[in-house]
Amino acid sequence: MIAFLTGRVAARGAGSAVIDVGGVGMSVQCTPAALSGLRVGEEGSVSTSLVVREDSMTLFGFADDDERHMFEQLQTASGVGPRLAMSMLAAHSPDGLRQAVATEDTAALTRVPGIGKKGAQRIVLELAGKLEAPVLTDGTLPETEPAGASTPEGAWRGQVVTGLVNLGWSSKDAEQAATAVSAEAEETTDVTVLLRSALRKLSRA
């Protein structure tokens, strides 16, 4: 089990990064929160989970151990594999997912591409009692996003669009959502915050 990686960031894309660990480039599929803390050419660290299949070995990266733990817990629900779990963590923070399950907020879960109403109901049913209690107890989803380093002005748009396309939205919808959050980019260029805001706008469209 590879629990974490620390090394120089050799490359970073919309959903993955390559980390040079002792001269070996480790390719890691990352959540937006994990990617927001990585800068090419600088030292970086991510918590990781290795998923082994008959024909592949994939390393998934997270901003912290809480994200990784949630990733593994989500997969205990039937129909939730690594890719869908990553999409859920792209749309919601770990506490947001805990709150959605605790309050049976299936609407929050259906914001994730690939999860319909029945799927959301099944996830809530199967994860009820398995997840830790969320920080908030007033019945609302946490609004505070994970802290992350900002992205240089102008670079955030391409990452948000690519991230949305990777989550299953069309290029047209992704471009429109990126335009819709452009005003927010005047206050923050944290891709994690902007991506989740774009997802909320798409879910309401």
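Throughout, numbering of the chain's residues begins at 1 and tracks the sequence.
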Closest heavy-atom contact between [X] and [Y]?
| X | Y | result |
| --- | --- | --- |
| Val181 | Ser197 | CG1-OG, 3.5 Å |
| Ser45 | Leu38 | N-CD2, 4.1 Å |
| Val9 | Arg39 | CB-O, 3.3 Å |
| Thr31 | Ala63 | OG1-N, 4.2 Å |
| His92 | Ala108 | NE2-O, 2.7 Å |
| Thr6 | Val21 | O-CG2, 3.8 Å |

Quick one: [atom1] on [X] to [atom2] on [Y], what's the gap to the nearest 0.5 Å?
| X | Y | atom1 | atom2 | answer |
| --- | --- | --- | --- | --- |
| Leu74 | Leu127 | CG | CG | 6.5 Å |
| Met86 | Ser49 | CE | OG | 9.5 Å |
| Arg111 | Thr106 | CZ | OG1 | 10.5 Å |
| Glu67 | Cys30 | CD | SG | 9.5 Å |
| Ile123 | Thr110 | CD1 | OG1 | 10.0 Å |
| Arg12 | Ser36 | CZ | OG | 8.0 Å |

Holding to salt bridge (Lys or Arg N to Asp or Glu O under 4.0 Å), I want the full list of residues that pass it with [X], two or more places apart in sequence or in another chain.
| X | answer |
| --- | --- |
| Arg8 | Asp20 |
| Asp65 | Arg68 |
| Glu175 | Arg157 |

Which residues share a side-chain hydrogen bond (donor to acceptor under 3.5 Å, both in side chains) with Asp64, sequence neighbours left out: none
Partner residues of Lys117 under the side chain to side chain contact (heavy atoms under 4.5 Å, CB included) criterion, sequence neighbours left out: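 Applying side chain to side chain contact (heavy atoms under 4.5 Å, CB included) to Lys117 gives Gln121.
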Any side-chain heavy atom of [X] sitting closer than 4.5 Å to one from [Y]?
| X | Y | result |
| --- | --- | --- |
| Leu89 | Pro94 | yes |
| Glu126 | Thr76 | no |
| Leu5 | Leu59 | yes |
| Pro82 | Phe60 | yes |
| Thr58 | Arg83 | yes |
| Gln73 | Leu131 | yes |

Single-linkage hydrophobic cluster [X]~[Y], side-chain heavy atoms < 4.5 angstrom:
| X | Y | answer |
| --- | --- | --- |
| Met70 | Phe4 | no |
| Val40 | Val28 | yes |
| Val18 | Val24 | no |
| Ile19 | Leu50 | yes |

Does atom CD (Glu72) have a neighbourhood of more than 12 heavy atoms from anything else shown, all under 6.0 Å?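 Enclosed.
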Taking ring pair (Phe, Tyr, Trp, His ring centres under 6.0 Å) as the test, write out the residues that go with Phe62, two or more places apart.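 Partners of Phe62 by the ring pair (Phe, Tyr, Trp, His ring centres under 6.0 Å) criterion, ordered by chain and then number, come out as Phe71.
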Yes or no on side-chain contact (heavy atoms from CB on, under 4.5 Å) for Leu84 and Gln75, after CA distance, side-chain angles and deciding distance? CA-CA 9 Å; Leu84 185 55; Gln75 292 176 76; over 6 Å; no
Full working for side-chain contact (heavy atoms from CB on, under 4.5 Å) between Val101 and Lys130: CA-CA 10 Å; Val101 171; Lys130 291 184 179 180; over 6 Å; no
Does this structure show an ion pair linking Arg98 with Asp66, if we count only N-O contacts that are shorter than 4.0 Å?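 Looking at Arg98 and Asp66, the cut-off is met.
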Expected output: side-chain Ser182 to main-chain Ala178 donor-acceptor under 3.5 Å: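 No, the answer is negative, given that no donor and acceptor are paired below the 3.5 Å cut-off.
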